[in-house]
Amino acid sequence: MQKDKTYLALLLTGLLTGCGLDSGSGENNDIQSKSQSDPIGRWIYGDMHVHSTASDGHNLMTTVLDKAFNDYGASYITSTDHSGFNAYKINDALVRTTVDGQLILNPAPEEEVHSHDYAKENYPDDKAEVERSELINTLYGHVNQYRQRLNTSQYLLQGMEWTIPYTKEHATLLILDDGNLDSLAAFHQQYAKGNGNSKELEDNLNAVKELEHNHNGKAIFAFNHPSRSHKVKIEDIRQFHNAAPTAFIGMEGAPGHQRNEESRGSYDETDPIIMDEYQDYGIAYFGQTYGGFDYMTARLGGVWDALLSEGRHFSIISQSDFHSQTKDFWPNQYAKTHMLLETESREGVINALKKGNIFVTHGDLISALTFNVSSHDAAATMGETLAVPLGDNIKVSIEITQSELNHNGDTPQLAFVDVIVGEVTAYKDEQDSDFNKPFSDSTRILASFSEGDEGWNIQDGKIRIEMSLPQDHGDMYIRLRGSNNAKGTPGYVDEQGNPIIDLEKQEHSVEAMAWKDLWFYSNAIFISTQ
């Protein structure tokens, strides 16, 4: 196999000599620093996609925040109740009410007392045609009060889940508040789905251009569950990213709802999409999860790789989409987005998400990751670009800390790590003939490592891998993935290391499947030749 030939040609030295970040234990108070004169920071994790009684959640926001911060160690949470112009009212205690103020409380003790499903079934005609800012402002008072309870290393932000009129699909939207929500409310009024707001592409591109240019770099958005309803295609992502390349930070590489017994991730599309013009590539889009991850991420050489192969700094994040205790894991109980926070502030959280020094995990498969490329005195990590002369030696350094215990009481063990690369060209626009092509032709597994292999070294409880890239590389990106199941594990990982569709797994429950099927993915590092 070509992969094996490439692997054998690599120069493996087998020991990480200290280039890059000291990954520490991965807990919230670990201080990190990069090599040379790079800034100091702290690795944190959090969640940017949670819901409450202010939209269709089944819990008070304060309950969700207590679980996230106190039980599951979040350093940041963004409140993201849905946009829209038709919703149940909430009172000053955040309790859902009818139009005339009657409390809507589920009397069944074994169910969630603030159940939105109960409200829909028993009070179907009591939603009010109200501007969402009324609900957000009520919630925001509690957000501000809750901030006073947090310590100096915890951050609570206010955003919303924006239903984009053009795609009819959702995005996590955050405009940093400076004591009021005027900017968020004004954006909602003009650009949220409903209320006669435009579905035309040009008007929606104007919306994201506003986020890019009108908020002093303090606005970001990311597509949520992009494959769930087959409403988002790569040309949509390219259009929006061309319009807002720094505000549009990425997409959910893995959706929430990971313990929904009806379908993992609430992904229940049973018919894949194969495009006539690219039928030789196989499935282009599929609303099923693979190892808990969206097909756009899990498909090697699929949508995410196609975006990276254009040099787009486009991150994947992993979130809970928490609505209900019956269908979802609590924020950071299962899904974590780890990132390097360089400035201790809410604005620092936004800047870290933009920078993209990020890796994502399920079930705490790993707790810390150092991933760098270097040449001579220059180095780059996830979300960055290393500029080198063509033909220079480039060293890849990986250091992984495994978790001691996850929230299922397990000690997960990493079975393998794939080093994935692809060639980089340039951004595509609508004039390109393959603007709608959701595939990368150059993406490949450059090397794979597992315990017992040359190059897989364990020192001080950390897995250390070091290798060199072939000298004939051009502009490229490099990323990592790994699983707790070995390659060739029936029903979970194929022989090449790709996750298998969750629809075919035979576990007795989705929750059991989720804890058995763990993955991590790193963000990409880019290499530019001069």
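Source: prediction; values computed, not measured.
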Taking only residues two or more places apart in sequence, or in another chain, which ones meet [X] in a side-chain hydrogen bond (donor to acceptor under 3.5 Å, both in side chains)?
X	answer
Gln239	none
Glu212	Thr246
Arg299	Tyr295
Thr326	Ser324

Contacts of type side chain to side chain contact (heavy atoms under 4.5 Å, CB included), residue [X], not counting sequence neighbours:
X	answer
Ala387	Gln530
Lys218	Leu176, Asp178, Glu347
Ala219	Ile175, Leu211, His215
Asp517	Arg264, Asn485, Tyr492, Asp502, Lys505, Trp519

Search all heavy atoms of [X] against all heavy atoms of [Y] and return the closest pair with its distance.
X	Y	result
Ala222	Ile317	CB-CD1, 3.9 Å
Ile358	Met339	CG1-CB, 3.6 Å
Asp364	Lys336	OD1-NZ, 2.9 Å
Met296	Asp294	N-OD1, 2.8 Å
Gly46	Ala74	CA-CB, 4.4 Å
Pro226	Val232	O-CB, 3.5 Å

Practice item. Decide yes or no on salt bridge (Lys or Arg N to Asp or Glu O under 4.0 Å) for Lys327 and Glu261, but give the supporting numbers first. Key: CA-CA 7 Å; Lys327 294 183 178 180; Glu261 292 299 335; over 6 Å; no
Going by an N to O cut-off under 4.0 Å, is there a salt bridge joining [X] and [Y]?
X	Y	result
Arg42	Glu342	no
Lys231	Glu169	no
Arg238	Glu310	yes
Glu269	Arg228	no
Lys462	Glu399	no

What I want to check is whether the side chains of [X] and [Y] have a donor and an acceptor closer together than 3.5 Å.
X	Y	answer
Asn242	Arg312	yes
His257	Asp328	yes
Asn70	Arg149	no
Asn408	Asn406	no
Ser448	Lys487	yes
Asp81	Ser55	yes
Asn59	Gln325	yes

Please confirm whether the backbone N or O of [Y] pairs with a side-chain atom of [X], one donor and one acceptor, at under 3.5 Å?
X	Y	value
Thr80	Met160	no
Ser483	Leu518	yes
Asp177	Leu181	no
Thr443	Gly422	no
Arg147	Leu156	yes
Asp47	Gln319	no
Lys355	Met382	no
Thr163	Lys168	no
Asp410	Pro412	no

Practice item. Test Trp330 against Phe322 for ring pair (Phe, Tyr, Trp, His ring centres under 6.0 Å), laying out the working first. Key: CA-CA 6 Å; Trp330 291 101; Phe322 182 80; 4.4 Å; yes
**Study point:** Stacked cation flag Lys233 on Tyr285, 6.0 angstrom / 45 deg
**Key:**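 Yes.
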Practice item. Measure from NZ or CZ of Lys199 to the centre of the six-membered ring of Tyr166 and say whether it is under 6.0 Å with the direction within 45° of the ring axis. Key: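 Lys199 over Tyr166 ring: no.
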Review point. Are His362 and Phe520 near enough that their ring centres are under 6.0 Å apart?
Key: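 Judged by ring-centre distance (under 6.0 Å), His362 and Phe520 do not meet the cut-off.
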Point to revise | Validation row, ring centre Phe248 to ring centre Phe314 under 6.0 Å | key: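 They qualify: ring centres under 6.0 Å apart.
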Can you list the residues that meet the ring pair (Phe, Tyr, Trp, His ring centres under 6.0 Å) rule with [X], with sequence neighbours excluded?
X	answer
His49	His51
Phe435	none
Tyr477	none
Phe329	Tyr334, Trp515

Practice item. Report the relative orientation of the aromatic rings in Phe240 and Phe223; use parallel for angles under 30°, tilted for 30 to 60°, perpendicular for over 60°. Key: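 It falls in the perpendicular class, over 60°.
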Review point. How are the rings of Phe293 and Tyr521 set relative to one another: parallel (under 30°), tilted (30 to 60°) or perpendicular (over 60°)?
Key: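 Taking Tyr521 first and then Phe293, their aromatic rings sit tilted (interplane angle of 30° to 60°).
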Point to revise | Tyr267 vs His225, ring pair (Phe, Tyr, Trp, His ring centres under 6.0 Å): CA-CA, chis, key distance, verdict | key: CA-CA 9 Å; Tyr267 275 41; His225 39 71; 7.3 Å; no
Practice item. I would like to know whether Trp162 and Phe187 meet ring pair (Phe, Tyr, Trp, His ring centres under 6.0 Å); could you show each step before the answer? Key: CA-CA 10 Å; Trp162 171 35; Phe187 184 91; 5.0 Å; yes
Practice item. Would you please test Asn372 and Ser374 for side-chain hydrogen bond (donor to acceptor under 3.5 Å, both in side chains) and show each step? Key: CA-CA 7 Å; Asn372 295 319; Ser374 60; over 6 Å; no
